[in-house]
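We count ligands from 1, going down the list as the structure has it; atoms in each ligand are counted the same way.
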Amino acid sequence: MQKLDTFDMVLFGGTGDLALRKLVPALYRRHVAGQMGAASRVLAVARTNLTREEYLAQIEATCRKHLAAEEFSDARWRAFAAQVDYVQVDATEARDFKKLCATLEGRDDATRVLFLSTAPSLFTLTCDNLAAAGVVTPKSRVVLEKPLGHDRASADLINRSVGAIFAEQQIYRIDHYLGKETVQNLIALRFGNTLFEPLWRRGRIRHVQITIAEQLGVEGRGQFYEHTGALRDMVQNHLLQLVCILAMEPPTSSDPDAVRDEKLKVLRALRPIVGRDVQNKTVRGQYRAGAVNGQPVPSYLDEAGVAADSTTETFVALKAEIDTWRWAGVPFYLRTGKRLQERLTEIVVTFEDVPHSIFEAAGSNGRTPNRLVIRLQPQESITLTILAKMPGETMRLKPVDLALDLAGTFKEQRLDAYERLLTDVVKGNLTLFMRRDELDAAWRWIDPVREGWAQHDERIKSYVAGSWGPAASSALISRDGFAWQDET
Ligand code: BG6
């Protein structure tokens, strides 16, 4: 694996959940893989008053927890830890940035990554303080973790203030779904093969479903989640990015803007969901007490930090339509939720039925449409369901699977989404990051849904934890004559 140019990775929110659970373990793994040269450094920045040793003890404990036992060794850890430092900075205190400036002195030639994994309300001030302290060099890149605002206007404000300090080419807006190996595979499937392209359109595809189901609840993030909800947390970014990759026209190259131009066209072609359509085409739900994997779990309303009368949605299902020649009339059903029955991220592409079945006379079910199921997690796989004749005298057909187990096929080590994205930032590759206009188009589509929910005082639908969401979610899709994959 190619060694990365010397870099300083400055992690704002260095003691936060994302840094401890994802970012530091990702950097440790890249260090073990030999990609992080001896001159590169990780500088964790946070408000807490900690010594370097105290911080190292904290990250060692979390890395041991989050990495597989065979990945961790004392010698490897010592080598990595020698390149990590901790700087106490209160992002709201301009003078604290002087300390950071001193730590980075003489290192203007290194690629400087300023990763803001803090509350978005601090993005503007942090960037202003960075600029005022002279930390922003021509080789600096800023990474913005989601959520980027809570609506179009607030996202625009952040984008404008960050944009006043960094050029668009220096801004990396993260959607970690784009860093997942399987999402890359989706791109490979569509644009590395000729097989599907002629079928990838209306007239051939009947409908598409995308599910991101989680078994987890809000995991101690009740306070954050109360102001976010599933629409902003999952649909505005992860689900819409998957729609973009599925629906975009073939880009002319893998150049970042060639890809992002095509994704933007999809976002702009999404039919707005406004007025009565908000009730007809969307479902919002909230989990009540139930059981997940046989373990009792509390209701959302009983989670810490959640208001007793909260109407925040923990589940969303909706019908998206893309007004283009390729996709007119092909519904994209999207759903996501917490405390669902399984942890599953899956795309199901259902093709058109045969126009006329010659098998019916033989009493077969010759009308099950072909399906392409792309499972992103937990086990990555691609399955194409076709009809085959069952052995025997009569012509009886049965759906059978042509299945590819990707994890079993490729034995190479897989990169965690953040490992890929962090190395892409150091390399300066923007392909997997959202451009400002993409983000704007996504919010433009999402805002009216939220506003519609606020206007109609229709009660949020409740669902039992451990189920597949509210009954209204099944009704949404069955009204069009289809069913969710788990219901078929
Ligand atoms: C994050 C959301 O962006 O994605 C979380 O904020 C969610 O609420 C997570 O749990 C899901 O990511 P993954 O990679 O586990 O599917």
Side-chain angles (χ1 to χ4, degrees), residues 13 16-23 25-26 29 65-66 115-121 143-150 155 172-186 210-245 284-287 292-293 297 300 303-306 310 312-316 334-347 374-381 407 414-422 432-434 439 442-443 446 465 469:
D17 183 60
L18 185 76
L20 298 181
R21 230 164 22 90
K22 295 284 185 187
L23 305 181
R29 289 181 96 197
K65 190 166 142 202
H66 293 293
F115 193 123
L116 308 193
S117 132
T118 57
S121 53
V143 184
L144 305 178
E145 186 50 58
K146 68 171 268 281
L148 244 139
H150 54 270
Y172 292 70
R173 297 179 190 84
I174 285 218
D175 183 314
H176 80 276
Y177 264 63
L178 292 180
K180 286 184 189 274
E181 197 68 51
T182 31
V183 176
Q184 317 274 295
N185 241 314
L186 193 56
I210 312 178
T211 297
I212 306 182
E214 294 186 275
Q215 287 186 318
L216 293 177
V218 289
E219 304 303 294
R221 296 193 306 160
Q223 229 171 3
F224 155 80
Y225 201 82
E226 270 290 84
H227 302 289
T228 309
L231 188 70
R232 291 182 177 118
D233 192 38
M234 301 296 283
V235 183
Q236 186 269 345
N237 33 69
H238 306 326
L239 272 167
L240 285 187
Q241 286 295 316
L242 291 179
V243 170
C244 285
I245 290 178
R284 59 181 177 142
Q286 188 186 74
Y287 64 82
V292 175
N293 279 342
V297 293
Y300 176 69
E303 301 274 10
V306 171
S310 169
T312 299
E313 77 288 354
T314 59
F315 176 97
V316 176
L334 316 182
R335 69 177 168 165
T336 183
K338 298 225 177 259
R339 290 282 190 231
L340 296 184
Q341 199 170 94
E342 271 179 53
R343 174 176 184 247
L344 177 76
T345 302
E346 195 171 78
I347 296 164
I374 304 158
R375 181 171 286 195
L376 279 73
Q377 51 193 28
Q379 312 89 359
E380 305 162 42
S381 61
R414 302 182 119 54
L415 263 61
D416 175 74
Y418 278 99
E419 280 181 86
R420 171 185 311 281
L421 295 174
L422 286 172
L432 299 178
F433 298 85
M434 295 214 277
L439 187 79
W443 278 122
I446 288 290

(message) For Arg414, is there an ion pair with Glu380 - N to carboxylate O distance below 4.0 angstrom?
(response) yes

(message) List the protein residues in contact with ligand 1, where contact means a heavy-atom separation under 4.0 angstrom.
(response) Lys146, His176, Tyr177, Lys180, Glu214, Arg221, Asp233, Met234, His238, Lys338, Arg343, Gln377

(message) Treating Glu219 as the side-chain partner and Gly217 as the backbone partner, does any N or O pair qualify as donor plus acceptor under 3.5 Å?
(response) yes

(request) Applying ring pair (Phe, Tyr, Trp, His ring centres under 6.0 Å), name anything that partners Phe115, two or more places apart in sequence or on another chain. (result) none

(message) For His66, give me all partners under ring pair (Phe, Tyr, Trp, His ring centres under 6.0 Å), at least two apart in sequence or on another chain.
(response) none

(message) Rounded to the nearest 0.5 Å, what separates atom CG in Asp17 from atom CZ in Arg221?
(response) 7.0 Å

(message) Using the side chain to side chain contact (heavy atoms under 4.5 Å, CB included) criterion, which residues pair with Glu342? Sequence neighbours excluded.
(response) Leu344, Trp468

